[in-house]
Amino acid sequence: MSDAAGRLEVLDALAEKFMAASDKAVVAEEAMAVTKDMDKTAQYYYKVMKKVVEKGDDFIQTETERISRMLAGSMSDEKRDQFTIRRNILGAFSLSADSHTEL
């Protein structure tokens, strides 16, 4: 499965906007409106944003590490695909955060 699996360009752009925003809750609400009629994979973007608002930017790294540890273990191919997609989506947020810290 590629690093782009599960990612959507329009939501990647929202993830970048979210990580750069001073008021992340406003962008999270925008994401909720955009993803409400989409599949669960797309809704994961909103879920991540909601968690970042609650727990802070460190959530991206800790959740990525947690999913990577889970992927190292034994699981069905279906679960492995689900967690790989989640890790890919988290990558959209961490790439956004990395690009802003370099400025």
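Of the possible polar contacts, none joining the K17 side chain to the V27 backbone as a donor-acceptor pair under 3.5 Å is found. Using a distance-only test at 3.5 Å, with no hydrogens or angles considered, a donor-acceptor pair links the side chain of R80 to the main chain of L71. Not a single donor-acceptor pair under 3.5 Å links the side chain of N88 to the backbone N or O of G6. The closest donor-acceptor contact from the side chain of D57 to the backbone of V52 lies at 3.5 Å or more, if one exists at all.
Remark: Q61 pairs with E65 by the side chain to side chain contact (heavy atoms under 4.5 Å, CB included) rule, at least two apart or across chains. Residues meeting the side chain to side chain donor-acceptor pair (under 3.5 Å) test with K51, sequence neighbours left out: none. Every side chain to side chain contact (heavy atoms under 4.5 Å, CB included) that D81 has, sequence neighbours left out, goes to M1. E9 pairs by the side chain to side chain contact (heavy atoms under 4.5 Å, CB included) definition with nothing, not counting sequence neighbours. For Q82, the side chain to side chain donor-acceptor pair (under 3.5 Å) partners at least two apart in sequence or on another chain are K79. Remark: E63 pairs with Y44, F59, R66, I67, L90 by the side chain to side chain contact (heavy atoms under 4.5 Å, CB included) rule, at least two apart or across chains.
For K47, the NZ atom sits in a loose shell: 12 or fewer heavy atoms of surrounding residues, nucleotides or ligands are nearer than 6.0 Å. With a 6.0 Å radius and a threshold of 12 heavy atoms from other residues, nucleotides or ligands, E78 has its CD atom at or below the threshold.
Put simply, V53 and M19 are part of the same group of oily side chains (I, L, V, M, F, W, Y) that touch within less than 4.5 Å, one to the next. In the hydrophobic clustering of ILVMFWY residues, with side-chain heavy atoms under 4.5 Å counting as a link, L11 and Y46 come out apart. Linking Ile, Leu, Val, Met, Phe, Trp and Tyr residues whenever their side-chain heavy atoms come within less than 4.5 Å places L8 and I89 in a single cluster.
For the atom pair CD (Q43) and NZ (K50), the distance works out to 11.5 Å, reported to the nearest 0.5 Å. To the nearest 0.5 Å, the span separating CZ on R86 from CE on M70 amounts to 8.0 Å.
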Scan the side chains in residues 32-41 for donor-acceptor partners under 3.5 Å anywhere in the protein, sequence neighbours excluded, and list what turns up.
| residue | atom | partner | partner atom | Å |
| --- | --- | --- | --- | --- |
| T35 | OG1 | A31 | O | 2.9 |
| D39 | OD1 | T41 | N | 3.4 |
| D39 | OD1 | A42 | N | 2.9 |

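V26 belongs to no multi-residue hydrophobic cluster, having no ILVMFWY side-chain contact under 4.5 Å with any other such residue.
Using cut-offs of 30° and 60° on the angle between ring planes, the pair F93 and F18 is perpendicular.
For the residue pair R87 and T64, the shortest heavy atom distance occurs at CG-CG2, 4.2 Å. In plain terms, the two heavy atoms of G91 and R7 that are nearest each other are C-NH1, 4.2 Å.
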